[in-house]
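We name chains A, B, ... by the order of the sequence lines, and we start the count at 1 in each one.
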Amino acid sequence: MTKDKKNKPSKELPLGFVDRQEKELLVRDFIISNIKKVMIKYGFQYLETPSFEYTDSIGKFLPDKDRPDEGVFSFQDEKKWLSLRYDLTAPLARYVAKNYLEIPKPFKRYQLGTVWRNEKPGPGRFREFLQFDADFVGTKSLQADAELCVMISEILENCGLNKKEYIIKISSRKITEEIFKKIKLDGIEQKLTALRALDKIDRLGWSEVKKLLGEGRKDKSGDYTKGANLSSKNIDFIEKELKNKSSETEDLKEILKIFSDYNFNNFEIDPSVIRGLEYYTGPIFEVSLNFDVKNNKGQVIQFGSIGGGGRYDNLVNNFGNYDAPATGISIGLDRLVYALLQKKEFKVKQSKPIVICIFDKNLMKEYISLQTVLRSADISAEIYPGEGKLKKQMEYANKIKSPAVILYGENEIKTGKPTLRNLVSGEEKSIAIKELANEIKKII
RNA sequence: GCAGCAGUAGCUCAGCUGGUUAGAGCACUAGUUUGUGGAACUAGGGGUCGGUGGUUCGAAUCCACCCUGCUGUACCA
């Protein structure tokens, strides 16, 4: 060991990247298995696209800088820029444009994949995370939009959430468009600022949002955000419109009708749902949780939504001549995992190995045969994978939360019956080898 | 990016009106028990007190800058 710390590699991780441990991975696997079941039931195709895409495929809008690093991780390869994908929707649009003639129309596909964002991380929010995405491409039918909401709801309930713990919020871009038209708001920058402000109603409340629609707002830390500079008359008008006439647009009316045909009611119309700014063209939805989420210091934090989506009728068209209206939804799996782990009653069963202790290396053949007996019976089992005294072996078994150890030493050899020690109760039993598997199944 | 707060052992933190070899609990290692874990006791390892520079006879402690983290905010195509 060298004492020179300065010349050692760093054991720290890059900002926003994390090691994920078994506890959360098991929850994630559980969610994924539910997703797959539901996707098959709903008739979606499974697709995988690569992590990297050409930068111009994933963003038509990258600022023309030397290096396209606004929000994405990129590098230059033989003069072409490559980027790690930041979502699964843009790659889908690219895939559809590339394979348009072969795929069924409409095309229903789902995808699970890691995405990367070069943004500020937060609790349950990383720069590398797993996303689930399901889309209908090539249909204008709002049946598709409605079914996505029903489907997400089924997935969440299979994951153990009840109707009070989550809600699908829906809205339509058309609501705000109509309002803006009425107050003759047409400056693009001003529109965007106003949309961003409205997006924050559920978090900040109307009084703060009105400041953002007007001159600006100072937040808790004393930081100041410039507003959209609308007149107070227009601000009041927007508030009135959004509060009263929220479900007036035709597309939302139709979706509501379909929801009722499905007997689906765990949704609410919420015009403050804005979601991103560029490509959505119609109905938009957001999945939000109704219980408090805390950070590791126990403070309740602004968790935000765990996913959402909407209709984007022009995205595929960006790649060429094919016109493929589409709608889709995605879920941030790691955020869902983070939230589910906070529910006390939530537990995923995991089986830890029975540890076969080593008394004498010359008996290894016996230990291997015991191990084979258990493994053949589909019981997780291992011979203690190290060296050392029995005490050390017991400590190991305890540490990995093994349900039991098997002791097979001098005393047991004489009778041919191993001792099974239950590590939860501390109870020990002498058991014939052919009974061992059955006996263990009783305690795991 | 902007703002506020914070960085002392693997973890949680004490020490901070500047002053001998920097502490505690938990964790870790070894032993009390060379065939028995989760309890107890004993002993031990582990820190250039986030970094760099400054003030001073003397800095974990005071000052400046930088880095990192947390929270809020912005952005999230």
Side-chain angles (χ1 to χ4, degrees), chain A residues 1 3-6 10-16 18 55-63 68-72 83 85-87 89-90 93 115-123 125-127 129 192-193 195-197 199-200 203-204 208 211-212 216-227 274-280 294-305 308 312 315 318 330 332 355 357-360 363 384 388-413 418-428:
Chain A
M1 279 235 296
K3 281 243 163 185
D4 188 359
K5 278 193 181 177
K6 280 179 183 163
S10 170
K11 57 182 186 292
E12 304 307 321
L13 289 167
L15 177 68
V18 286
T55 298
D56 56 5
S57 311
I58 65 167
K60 58 185 183 343
F61 7 57
L62 286 168
D69 60 358
E70 287 290 304
V72 295
S83 295
R85 62 186 175 203
Y86 69 88
D87 73 4
T89 309
V115 301
W116 294 264
R117 294 190 185 184
N118 195 353
E119 292 165 8
K120 186 196 152 183
R125 196 179 168 132
F126 311 104
R127 301 218 285 190
F129 56 98
L192 290 181
T193 310
L195 279 176
R196 287 185 194 119
D199 196 26
K200 297 176 178 81
R203 208 174 70 212
L204 304 176
E208 295 304 302
K211 290 181 194 163
L212 285 171
R217 166 183 182 263
K218 204 178 199 177
D219 69 52
K220 254 199 265 179
S221 65
D223 192 22
Y224 188 79
T225 311
K226 270 175 78 178
I274 305 291
R275 289 202 63 76
L277 299 164
E278 286 303 329
Y279 62 65
Y280 290 116
K294 295 173 182 170
N295 66 8
N296 55 12
K297 287 181 179 168
Q299 301 164 294
V300 175
I301 48 158
Q302 292 294 347
F303 193 66
S305 73
Y312 51 98
L315 197 60
N318 287 333
S330 34
V355 174
C357 295
I358 300 169
F359 287 81
D360 181 349
L363 293 173
Y384 175 68
K389 300 185 219 180
L390 188 57
K391 176 176 173 151
K392 207 172 164 187
Q393 304 188 33
M394 297 292 289
E395 279 169 355
Y396 166 81
N398 189 49
K399 182 83 180 178
I400 65 166
K401 297 196 169 72
S402 166
V405 296
I406 289 174
L407 307 173
Y408 199 56
E410 238 181 291
N411 305 339
E412 287 83 2
I413 292 282
T419 300
L420 179 68
R421 181 180 173 92
N422 182 326
L423 287 179
V424 179
S425 66
E427 186 191 10
E428 279 186 10

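Nucleotide rG7(B) forms a Watson-Crick or G-U wobble pair with rC67(B), both donor-acceptor distances falling under 3.5 Å. Pair check for rA60(B) finds none; no Watson-Crick or G-U wobble contact set falls under 3.5 Å. Across all strands shown, the partner of rA24(B) is rU12(B), judged by Watson-Crick or G-U wobble contacts whose two distances both fall under 3.5 Å. The partner of rA77(B) cannot be assigned: no Watson-Crick or G-U wobble pair with both contacts below 3.5 Å exists in any strand. In this structure, rA40(B) and rU32(B) make a Watson-Crick or G-U wobble pair, each of the two defining distances being under 3.5 angstrom.
A straight line from CZ of F129(A) to P of rC76(B) spans 15 Å, rounded to a whole angstrom. Protein atom CD of E208(A) is 12 Å distant from nucleotide atom C1' of rU73(B), rounded to whole Å. E119(A) has its CD atom 10 Å from the C1' atom of rA77(B), to the nearest Å. The distance between atom CG of N318(A) and atom C1' of rA77(B), rounded to the nearest whole Å, is 12 Å. If you take CZ of R196(A) and C1' of rU73(B), they are 14 Å apart, rounded to a whole angstrom. Atom CG in D199(A) sits roughly 14 Å away from atom C1' in rU73(B) (whole-Å rounding). In this structure, the NZ atom of K226(A) is 17 Å from the P atom of rC2(B), given to the nearest Å. Rounding to whole angstrom units, OH of residue Y384(A) and P of rG37(B) are separated by 14 Å.
Here the separation of rC28(B) from rU21(B), taken at their P atoms, is 32 Å to the nearest Å. Between rU71(B) and rC57(B), the distance separating the two P atoms is 44 Å to the nearest Å. A distance of about 7 Å separates the C1' atoms of rA14(B) and rA24(B), rounded to the whole Å. One P atom belongs to rG50(B), the other to rA60(B), and the distance between them is 10 Å to the nearest Å. One C1' atom belongs to rG44(B), the other to rG4(B), and the distance between them is 43 Å to the nearest Å. Between rG15(B) and rC76(B), the distance separating the two C1' atoms is 43 Å to the nearest Å. Atom name P, nucleotides rA27(B) and rU42(B): the rounded distance is 15 Å, in whole Å. When the C1' atom is used for both rA9(B) and rG58(B), the distance is 25 Å, rounded to whole Å.
For the side-chain contact (heavy atoms from CB on, under 4.5 Å) test, residues two or more places apart in sequence or in another chain that qualify with I400(A) are P353(A), V355(A), E382(A), Y396(A), S402(A). Applying the salt bridge (Lys or Arg N to Asp or Glu O under 4.0 Å) rule to R217(A) yields the partners E208(A); only residues at least two apart in sequence or on another chain are considered. For D360(A), the side-chain hydrogen bond (donor to acceptor under 3.5 Å, both in side chains) criterion is met by N362(A), not counting sequence neighbours. Applying the salt bridge (Lys or Arg N to Asp or Glu O under 4.0 Å) test to E395(A) and every residue at least two apart in sequence or in another chain returns nothing. Among residues two or more places apart in sequence or in another chain, the side-chain hydrogen bond (donor to acceptor under 3.5 Å, both in side chains) test is passed with Y384(A) by none. Every residue two or more places apart in sequence or in another chain that forms a salt bridge (Lys or Arg N to Asp or Glu O under 4.0 Å) with E119(A) is listed here: R125(A). Taking T419(A) as the reference, E412(A) meet the side-chain hydrogen bond (donor to acceptor under 3.5 Å, both in side chains) condition, with sequence neighbours excluded. Looking at residues two or more places apart in sequence or on another chain, you find no side-chain hydrogen bond (donor to acceptor under 3.5 Å, both in side chains) involving R117(A).
Among the protein residues, K200(A) comes within range of the sugar-phosphate backbone only, with heavy atoms under 4.0 Å from sugar or phosphate atoms but none that close to a base. As judged by a 4.0 angstrom heavy-atom cut-off over every strand, I400(A) is placed among residues making no nucleic acid contact. Within the 4.0 angstrom heavy-atom criterion, base atoms lie near V424(A).
In this structure the side chain of L212(A) reaches within 4.5 angstrom of the side chain of K200(A), judged on heavy atoms.
From I358(A), atom CD1 reaches atom NZ of K392(A) across 11.5 Å, with rounding to the nearest 0.5 Å. Interatomic distance, Y312(A) OH to T89(A) OG1, rounded to the nearest 0.5 Å: 5.0 Å. Rounding to the nearest 0.5 angstrom, the gap separating the CD1 atom in I274(A) from the CG atom in L192(A) is 11.0 Å. Separation of atoms CD (Q393(A)) and CG (L407(A)) is listed at 9.0 Å; rounding is to 0.5 Å.
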When you compare the protein's N or O atoms with those of nucleotides 3-5 of chain B, which come within less than 3.5 Å of each other, and at what distance?
from	atom 1	to	atom 2	distance (Å)
rA3(B)	O2'	S221(A)	O	2.3
rA3(B)	N3	S221(A)	OG	3.4

Pairs under 3.5 angstrom, nitrogen or oxygen only, protein versus nucleotides 41-44 of chain B, please.
none

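No hydrogens or angles were tested; on distance alone, a donor-acceptor pair under 3.5 Å links the side chain of N398(A) to the base of rG37(B).
Regarding contacts with the backbone of rU73(B), a side-chain N or O of R203(A) is found under 4.0 angstrom from either OP1 or OP2.
Sequence order on RNA chain B of the closest nucleotides to Y396(A) and L204(A) puts Y396(A) first from the 5' end.
The side-chain hydrogen bond (donor to acceptor under 3.5 Å, both in side chains) test with S83(A) singles out one residue from T55(A), D56(A), N118(A), and that residue is T55(A).
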Self-check item: B/S/- contact track for nucleotides 25-36 of chain B, protein heavy atom under 4.0 Å
Solution: ------SB--BB

